Amino acid sequence: MMRKLLATIGATTMLCAGAAQAQDMAATPSGKEALALLVDGVKFQTVAGRGQVPAYAGYLKAKLVSAGFDAADVTFVAMGETGYLTARYPGRDRRAKPTVVLAHMDVVEADPKDWTRDPFTPVVENGYVFGRGSLDNKAGLSMAVATLMKLRREKWVPQRDVVLVLTGDEETTMKTTSAAAEAYRNAALVLNADAGGGLLGDDGKPMVYGLQAAEKVYGDWHLTVTDPGGHSSRPGPDNAIVRLAAAVGRIAAYRFPPQQNEITKASLAGTATMTPGPLGAAMKAFAANPNDTAAADVLSADKRYVGQVRTTCVPTMFNGGHAPNALPQRAVANINCRIFPGTPRAQIAARLTELAADPKVAVTFNDNGTIEAGASPLDPKVVGAVKAAVAQRSPGLLVVPMQEAGATDSMHFRAHGIPSFGVGGVFMKASDSFAHGLNERVPVATFDPGVVWWETLLKTLG
């Protein structure tokens, strides 16, 4: 994700923040409220298996009702130990298809032993809020919720219903996402707080805003080799680990052909204007000619852009053998693929089998709840609303469509044909992004303008 820091916040003494303390770090009432929501939100350990999503949803419902939402319009749908929360903001035309504001409540696991600060104790330090989920995705969620609370208190009435949808397992199986997308398959538009955003340079100045309109299709395949095994002192010509390693090596060495769509073409063409040297030249060349393999190779050599020009498949896990003094009876590798939109997963499975080139290597798909979905055609109204919000926040800043290399909840809505766009209001440096990593953080300075950002988007569209 791309993020930006808008204002300068002076260094502060390390503070284990409560909501009231954190409010003092923001300037506007709504910014204070969004920041307080985040600080409280980090305390809920909404990791899969801990059963904290319902409690967090209950906290958010109480906040929304306190701002004027009808309690009957705020609903939690339980699904096992998690679930999803919806809040309907009534519009003038109740027959019109609603606009969905999307975010997720769950976070990835974090081991306190590895962190400098406890991951589930919010800490405000040097102008950042530290904690698991502070960036992914509780900051975006908190700004969207605070904005809807502000608008509700001010009695703003949108043209059509706005429905807040907060899912509970985006980081794992996406079952709540699938259910929510099915429940709101009549939506006209999805605005996702978990994607898109503003990027700052190392000097703190804004560089570009990325409007997410597509994402790679996620896929995991297991490569498995089984063998009778035996005593390690009597090795034969075959070995399950060696056979599997050879297949994995062939897959890892393969480079999928370059691809392009409306989103990546516009993204590379726009980014090329601010990228000097061979990399910028390659962006310009590939945007003009998707068959330029030399330009594609230059882009693929940069981790930031390899996901923009082709499908990627990489080994991510390997497990083999059952004892140090025995020949392996089983070896398994996981191949993780991020597939260019429009390419069927069945086609990737066939290519992996072909590359494995060994009938003793079984290739099986591991379904984790992700789904195949294409790109969302760029909607002039959405692009216009984003440009209006950008002009207010950072006049003259370039808006570039982008394709996410990772995966978000938007895929399930796109699969229903609903235009879905990542329009996150967090702006920060790329070097500050530690989503899913150690010492995850988000800049405090993004909260005041972040609420204005969402208000501008909703009012422009609504």
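Quick note: numbers below take in every heavy atom, side chains included, and nothing from hydrogens, waters or symmetry partners. Source: prediction; values computed, not measured.
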Exercise for review: Could you tell me whether a side-chain N or O of R345 sits under 3.5 Å from a main-chain N or O of Y218, the two making a donor and an acceptor?
Suggested key: yes
Check your understanding: Are Y84 and F76 an aromatic pair by the rule of ring centers under 6.0 Å?
Key -> no
Exercise for review: Begin with the C-alpha distance, continue with both residues' side-chain angles, and end with the deciding distance and a verdict on salt bridge (charged side-chain N to carboxylate O under 4.0 Å, His left out) for E125 and R117.
Suggested key: CA-CA 11 Å; E125 181 183 4; R117 311 156 188 84; 2.9 Å; yes
Check your understanding: Should K360 and D227 count as an ion pair when the cut-off is N to O under 4.0 Å?
Key -> no
Check your understanding: Looking at the rings of W453 and F447, which for Trp means the six-membered one, are their centres under 6.0 Å apart?
Key -> no
Review point. Taking NZ, NE, NH1 and NH2 as the nitrogens, is one of them in D297 or R255 under 4.0 Å from a carboxylate oxygen of the other?
Key: yes
Check your understanding: Should D111 and K113 count as an ion pair when the cut-off is N to O under 4.0 Å?
Key -> yes
Check your understanding: Does a side-chain N-to-carboxylate-O contact under 4.0 Å join R414 and E215?
Key -> yes
Practice item. Flag this pair as yes if the NZ/CZ of R441 is under 6.0 angstrom from the six-membered ring centre of Y128 and inside a 45 degree cone about the axis; otherwise no. Key: yes
Check your understanding: Does a salt bridge link R50 with E109, judged by any charged N lying under 4.0 Å from a carboxylate O?
Key -> yes
Practice item. Test the K63-F69 pair against the cation-pi criterion, namely NZ or CZ under 6.0 angstrom from the six-membered ring centroid and within 45° of the ring axis. Key: no
Practice item. Anything under 30° is parallel, anything over 60° is perpendicular, the rest tilted; go ahead and classify F256 against Y254. Key: perpendicular
**Study point:** Residues K429, D202: salt bridge by 4.0 Å N-O rule
**Key:** no
